[in-house]
Structure formats: C-alpha cells, structure tokens
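Letters A, B, ... mirror the listed sequences (proteins, then strands); counts begin at 1.
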2 protein chains.
Amino acid sequence: MPDLTALETAFETAGHRLTRPRRALAELIDARDGAFSAADLVADAQGRRLGIGRATIFRAIELLEEIGALERIDLPTGEHAYVPCGPAHHHHVVCRRCSRSVEIGDLGLGALARDIARKTGYQIDVHRLELFGLCPDCRLASVPA
Amino acid sequence: MPDLTALETAFETAGHRLTRPRRALAELIDARDGAFSAADLVADAQGRRLGIGRATIFRAIELLEEIGALERIDLPTGEHAYVPCGPAHHHHVVCRRCSRSVEIGDLGLGALARDIARKTGYQIDVHRLELFGLCPDCRLASVPA
DNA sequence: CTTCAATCGAGACCGTGTATCACTTGGTTC
DNA sequence: GAACCAAGTGATACACGGTCTCGATTGAAG
C-alpha cells in the first residue's frame, strides 16, 4: 500500500483502520495546509459531496489528536482550531490571516517553566504557548507601500 | 460610595453602570478566589436565588474581559475559564485542582517572541502562555507520604 | 423627581461537540 | 476470494456554552 500521506500513516501505525472517510479527511486536511476548524472540514466535505457524516469528522479529529498527529489551538477569539504536527513537544506560530502555521521547538521554555515553578511554588505539569501574527507572505501582502 | 471592590471599581472607572446584578456578580467572583467557568457563576447565582439571568452573567463576563479585569483561560480540556487580574501584560499559572491562579510577569517572553519572529519570518502580534499544575497547598495535600 | 440610555430577565436561538444505535466495511482467516 | 466480526460509519438526538431579541427596569445625570 504505497503513497500514504503522513496523516494516513499516522492512522495505520497507531493501529486504526484506514477507512475511506479517514483517507478523504486526511486529504482535505493536507489540502488546507494550515490550521482549520472542525466546521471548515465539515464544509469541505459537504462541498465535495463526500457523504461523510459530521460525527465521523469529529471522531477523526479526536483520534488524530490522541495519536499526536493533530493539535488543538485556542484562537484569541475563543474558537478552537486544529493544526497537523509531529508528536514531539513543540509550540505553534499561527498566521491570523491565512492560518498557515509553523512549529517551533521548546526554545528554553522548559527552563522558564522550572523558573516559574521555583518562584511560585507551583508544580507545573503542562504549559502551552501559542503565538499569533502574520506569516511572511501575508505580511508582505498587507503592507502596500 | 465607599467600599468598592476591585471589580466594582473596574466597572465604574470604565464608564459602566454599577448595577445590582453587577455588584452581586463581582462579589461571587471575589468569593471564588481563582479561575471559574461561566457555568460556575450561573450555578452560584442560582444557588443564592439572586434572580440574575444567564445572559446577564455572560454579558458581565464579556464586559470585564474587555475592561481587562478578567482574562479568559483555555483549559487543557478545551473548556473556557476566567480569572480576575490586572490590566498589565502577564500570564497565569493555574492549579488544576483548586483553580487558584497567580499572575506572572513577562519573564523574558517578549524577547523570546522577538527571537521567534526573527527565526520564522512571522510578525508576531499576540502570544499567550498558560501553565497548569498544582499550587503549593494542593501539592502538599496530594503527597501523603 | 423626571428622564432616558444603559441594562436587565426570559426565552429563543445557534454552533460546537458528544452519545446512541442500527448498518457497513476493512482486514484477517481459512 | 468468501466468510467473519470488531472497528468504524451516518443519521439523528442531545448537551452545553454562548449570543440575540425584546419588552420591562433602573442607575445616575440634570
């Protein structure tokens, strides 16, 4: 079975069936190339008349999140978005216009978290850093002069 | 008009009316001493039979957020919580058990964000850092030995 | 004490996400 | 390649967070 995308491979290696809806959703996500909402996927699927149920889309998202192939982002608006990514610890920079995102490594945040733990007395288990702005393309496009 | 709490003062100085429901909600929030969900406030208000409508609670939360007296936190579960805070730029450390939180300053994150901007080419407008763990009290309470 | 814009409460509404359940299917076994 | 069956699916109902509307109320300015 050749030509599996990263997301398709993620389903398989995690021991889940590679079904037709999941293949289709993997393709839709790849085609988006950036952060997307569940509603985006639902709209994409309906637009292409793939006959994929809403529940299936939410289940696939949930599953990919558990696998670590997808991560939930909390947009400044309070909405949820999802972005494909690798399993290693990292953070995201998301373009507020086109939603394209890049992963960044820990960049000393682990040390910062330890520092905060020491200063506050809290035992810190989870930290999350998200950055929003304009990607190079959109930055150029938005500065006419 | 003496004895105004921080939240009550926030309403006034921002040019909004200090109504009975808003006073009551400010009191409920103060009594909570930590992060809370909108549902928490609704339950509190109903429990005390204050006759405050659900919409009013959401409107007050929204308003306090705009004013900068309250900040939305995105819990790791995906739920939203709100925590009272000052208007200056800061981040929060939230106890995953009792929801008490402490503010922490920028702690070099601004510099880190600039570093990330340089490396990725993104123009970074907003960043958010949230840390979750156990506060000193809950840490002690959960380690019996 | 009047006045009126700001605010309120009730309830309908909307969007995201979950639960249920009968039906289908991927992949393994023979 | 046919049979099998647990994993997965689609339709639908539901739960819940949050918003909108609208007629009634009220804070605070004059």
Side-chain angles (χ1 to χ4, degrees), chain A residues 1-2 4 7-28 35-46 48-67 70-82, chain B residues 1-2 4 7-26 28 35-67 70-82:
Chain A
M1 44 198 79
L4 292 189
L7 288 175
E8 288 173 334
T9 307
F11 276 121
E12 282 222 320
T13 63
H16 297 282
R17 285 195 192 162
L18 195 46
T19 63
R20 198 171 55 76
R22 286 178 181 167
R23 280 176 188 270
L25 289 172
E27 196 177 324
L28 289 180
F36 57 90
S37 69
D40 289 335
L41 275 196
V42 172
D44 287 357
Q46 281 184 338
R48 299 198 193 181
R49 312 207 185 291
L50 297 175
I52 298 177
R54 224 168 64 91
T56 298
I57 293 176
F58 280 96
R59 283 186 288 236
I61 288 174
E62 182 187 21
L63 191 53
L64 288 170
E65 222 181 326
E66 282 171 13
I67 290 173
L70 218 56
E71 192 174 308
R72 196 193 65 237
I73 297 273
D74 299 293
L75 300 179
T77 59
E79 293 156 359
H80 289 169
Y82 303 88
Chain B
M1 46 199 79
L4 292 190
L7 287 175
E8 286 174 335
T9 308
F11 276 121
E12 282 223 320
T13 62
H16 297 281
R17 285 194 193 163
L18 195 46
T19 63
R20 197 172 56 76
R22 286 178 181 168
R23 281 177 187 269
L25 288 172
L28 289 180
F36 57 89
S37 68
D40 289 336
L41 274 196
V42 172
D44 286 359
Q46 281 184 338
R48 299 198 192 182
R49 313 210 186 289
L50 298 175
I52 299 176
R54 223 167 64 94
T56 299
I57 293 176
F58 280 97
R59 282 186 288 234
I61 289 174
E62 182 186 21
L63 192 52
L64 289 171
E65 221 182 326
E66 282 169 14
I67 290 172
L70 216 55
E71 192 174 306
R72 196 193 66 237
I73 297 274
D74 299 294
L75 300 180
T77 58
E79 293 156 357
H80 289 170
Y82 303 88

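- Of all non-hydrogen atoms in A:Phe58 and A:Ala38, the two that sit nearest each other are CE2-CB, 3.6 Å.
- Using a 4.0 Å cut-off on heavy atoms, the residues of residues 41-54 of chain B that approach DNA chain C are B:Gly51, B:Ile52, B:Gly53, listed by number.
- Regarding B:Phe58, its CZ atom lies at a distance of 15 Å from the P atom of C:dA10, rounded to whole Å.
- The nearest whole Å value for the distance from the CD atom in A:Glu12 to the P atom in C:dG27 is 6 Å.
- For B:Asp40, the salt bridge (Lys or Arg N to Asp or Glu O under 4.0 Å) test picks out no residue, with sequence neighbours left out.
- Scanning for side-chain hydrogen bond (donor to acceptor under 3.5 Å, both in side chains) contacts around B:Asp44 gives B:Arg32, with sequence neighbours left out.
- With a 4.5 Å cut-off on side-chain heavy atoms, B:Phe36 and B:Leu41 count as touching.
- With contacts defined as side-chain heavy-atom distances shorter than 4.5 Å, the pair B:Leu63/B:His16 qualifies.
- Using a 4.0 Å cut-off, some side-chain N or O of A:Tyr82 falls inside it from OP1 or OP2 of C:dG17.
- In terms of modelled atom types and a separation under 3.5 Å, the side chain of A:Thr56 and the main chain of A:Ile52 share no donor-acceptor contact.
- Across its full length, the helix from C:dC1-D:dG30 to C:dC30-D:dG1 shows an angle of 40° between the axes of its 5 terminal pairs at either end, rounded to 10 degrees.
- Looking at A:Arg20 and A:Leu50, their side chains never come closer than 4.5 Å, going by heavy atoms from C-beta outward.
- Look at CG on A:Leu63: it is 16 Å from P on C:dG17, rounded to the nearest Å.
- The side chain of A:Ala39 lies closest to C:dT16, out of C:dT7, D:dA28, C:dT16.
- Put simply, A:His80 has no side-chain N or O that comes within less than 4.0 Å of OP1 or OP2 on C:dT16.
- Rounded to whole Å, the distance from CZ on B:Arg23 to C1' on C:dC8 is 16 Å.
- In this structure, B:Arg72 and A:Arg22 both approach DNA chain D, and ranking their closest nucleotides by distance from the 5' end singles out A:Arg22.
- Spacing between atom CD of B:Glu65 and atom P of D:dG17 amounts to 16 Å, rounded to whole angstrom units.
- The shortest distance between side-chain heavy atoms of A:Leu18 and A:Leu4 falls below 4.5 Å.
- For D:dG8, the OP1/OP2 oxygens have a side-chain nitrogen or oxygen of A:His16 closer than 4.0 Å.
- With rounding to whole Å, A:Glu66 atom CD is found 10 Å from C:dT18 atom P.
- Under the side-chain hydrogen bond (donor to acceptor under 3.5 Å, both in side chains) criterion, A:Glu27 pairs with no residue, sequence neighbours left out.
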Exercise. What one-letter contact string describes nucleotides 20-26 of chain C from 5' to 3', where B marks a base within less than 4.0 Å of any protein heavy atom, S marks contact via sugar-phosphate atoms alone, and - marks no contact?
Worked result: B----BB

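- Counting heavy atoms from C-beta on, the side chains of A:Glu8 and A:Arg22 never come closer than 4.5 Å.
- The distance from atom CZ of B:Phe11 to atom C1' of C:dT7 is 11 Å, rounded to the nearest whole Å.
- Side-chain contact between A:Phe11 and A:Arg17 is absent, with no heavy-atom pair separated by less than 4.5 Å.
- Of the possible polar contacts, none joining the B:His80 side chain to the B:Arg72 backbone as a donor-acceptor pair under 3.5 Å is found.
- Taking atom CD of residue A:Glu79 and atom P of nucleotide D:dG17, one finds them 17 Å apart after rounding to whole Å.
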